[in-house]
Amino acid sequence: QQQVKQSPQSLIVQKGGISIINCAYENTAFDYFPWYQQFPGKGPALLIAIRPDVSEKKEGRFTISFNKSAKQFSLHIMDSQPGDSATYFCAANFGNEKLTFGTGTRLTIIP
Amino acid sequence: DAGVTQSPTHLIKTRGQQVTLRCSPKSGHDTVSWYQQALGQGPQFIFQYYEEEERQRGNFPDRFSGHQFPNYSSELNVNALLLGDSALYLCASTLAGGSKNIQYFGAGTRLSVL
């Protein structure tokens with residue numbers, strides 16, 4: 001019940017396109033859903049996060065869509081740039097409990 | 001404002017040895033969590049320390065132990081190293097009782113067991 005499932009495993013998007021990564025969770029106690037961006041050799045960096053009381057959150061080119069009834073959330077990257085090429089992880093937790101991570105999506109933006 | 005700092009950056013050990021990894025939390029944070037990230041995988045929770053005590057623990061054997069000091073810094077110790085312990089070890093910090101669940105990660109320690 002602690003799993004967070006993430007897809008796709010890898011994604012190739014043309015520069016200027018929209019990148020979409022999906023996650024699904026099982027534990028309805030989760031109340032915080034962050035997305036982390038990780039570059040090779042670096043630790044995960046918080047990108048954007050959402051709580052289940054809203055259905056969408058937008059920060060610049062990054063948007064989280066949240067569907068509480070379906071227990072799904074997704075990351076949309078608009079106008080994708082080569083600098084967005086990285087591995088993206090969705091995660092979930094409640095309170096200050098441990099983060100449960102998805103398996104990651106390797107995003108490659110091609111010119 | 002210093003973020004989460006970890007040392008050393010890289011470490012090479014042989015099977016059966018013991019290793020100690022160190023973490024200093026972000027300024028103002030009092031809770032430290034450790035994660036193991038195998039190559040190509042998402043981080044897996046090892047344990048969390050708050051008020052110098054282990055508050056939560058993931059599915060890791062007793063060979064993995066930790067400590068938190070009065071200044072909130074933390075150590076991760078791994079005994080009797082196995083080849084499978086080779087991974088990136090990440091430290092994350094947060095503020096207990098804060099209004100947000102945000103955990104900030106360090107750059108990690110890359111451990112190679114030969």
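To find a chain, count down the sequence lines: A is the first, B the second, and so on, and within it residues start at 1. The structure displayed is predicted, hence computed values, not measured ones.
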Would you mind checking which part of A:Pro34 comes under 4.5 Å of any heavy atom in chain B, side chain (CB onward), backbone (N, CA, C, O), both or neither?
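When you check distances to chain B, no heavy atom of A:Pro34 falls under 4.5 Å.
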Can you tell which part of A:Leu46 gets under 4.5 Å to a heavy atom of chain B, answering side chain, backbone, both or neither?
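For A:Leu46, the contact with chain B is made by the side chain alone.
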To the nearest 0.5 Å, tell me how far A:Gln38 CD sits from B:Leu90 CG.
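So the gap between those two atoms works out to 6.5 Å.
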Once side chain to side chain contact (heavy atoms under 4.5 Å, CB included) is applied, do any residues pair with A:Asn67, and if so which ones, sequence neighbours excluded?
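Side chain to side chain contact (heavy atoms under 4.5 Å, CB included) list for A:Asn67, sorted by chain: A:Ser69, A:Ala70.
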Between A:Ile20 and A:Trp35, is there a shared hydrophobic cluster once you connect ILVMFWY residues whose side-chain heavy atoms come closer than 4.5 Å?
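A:Ile20 and A:Trp35: separate clusters.
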Ordered numerically, the heavy-atom neighbours of chain A under 4.5 Å found in residues 30-48 of chain B are B:Tyr35, B:Gln37, B:Gly40, B:Gln41, B:Gly42, B:Pro43, B:Phe45, B:Gln48
Looking at [X], I'd like to know if its [atom1] atom is crowded, meaning that more than 12 non-hydrogen atoms belonging to other residues, nucleotides or ligands lie closer than 6.0 Å.
X       : atom1 : result
B:Arg55 : CZ    : yes
B:Glu54 : CD    : yes
A:Lys42 : NZ    : no
A:Arg61 : CZ    : yes
B:Leu82 : CG    : yes
B:Asn71 : CG    : yes

Less than 4.5 Å apart, side chain to side chain, heavy atoms only: is that true for B:Gln103 and A:Asn93?
yes
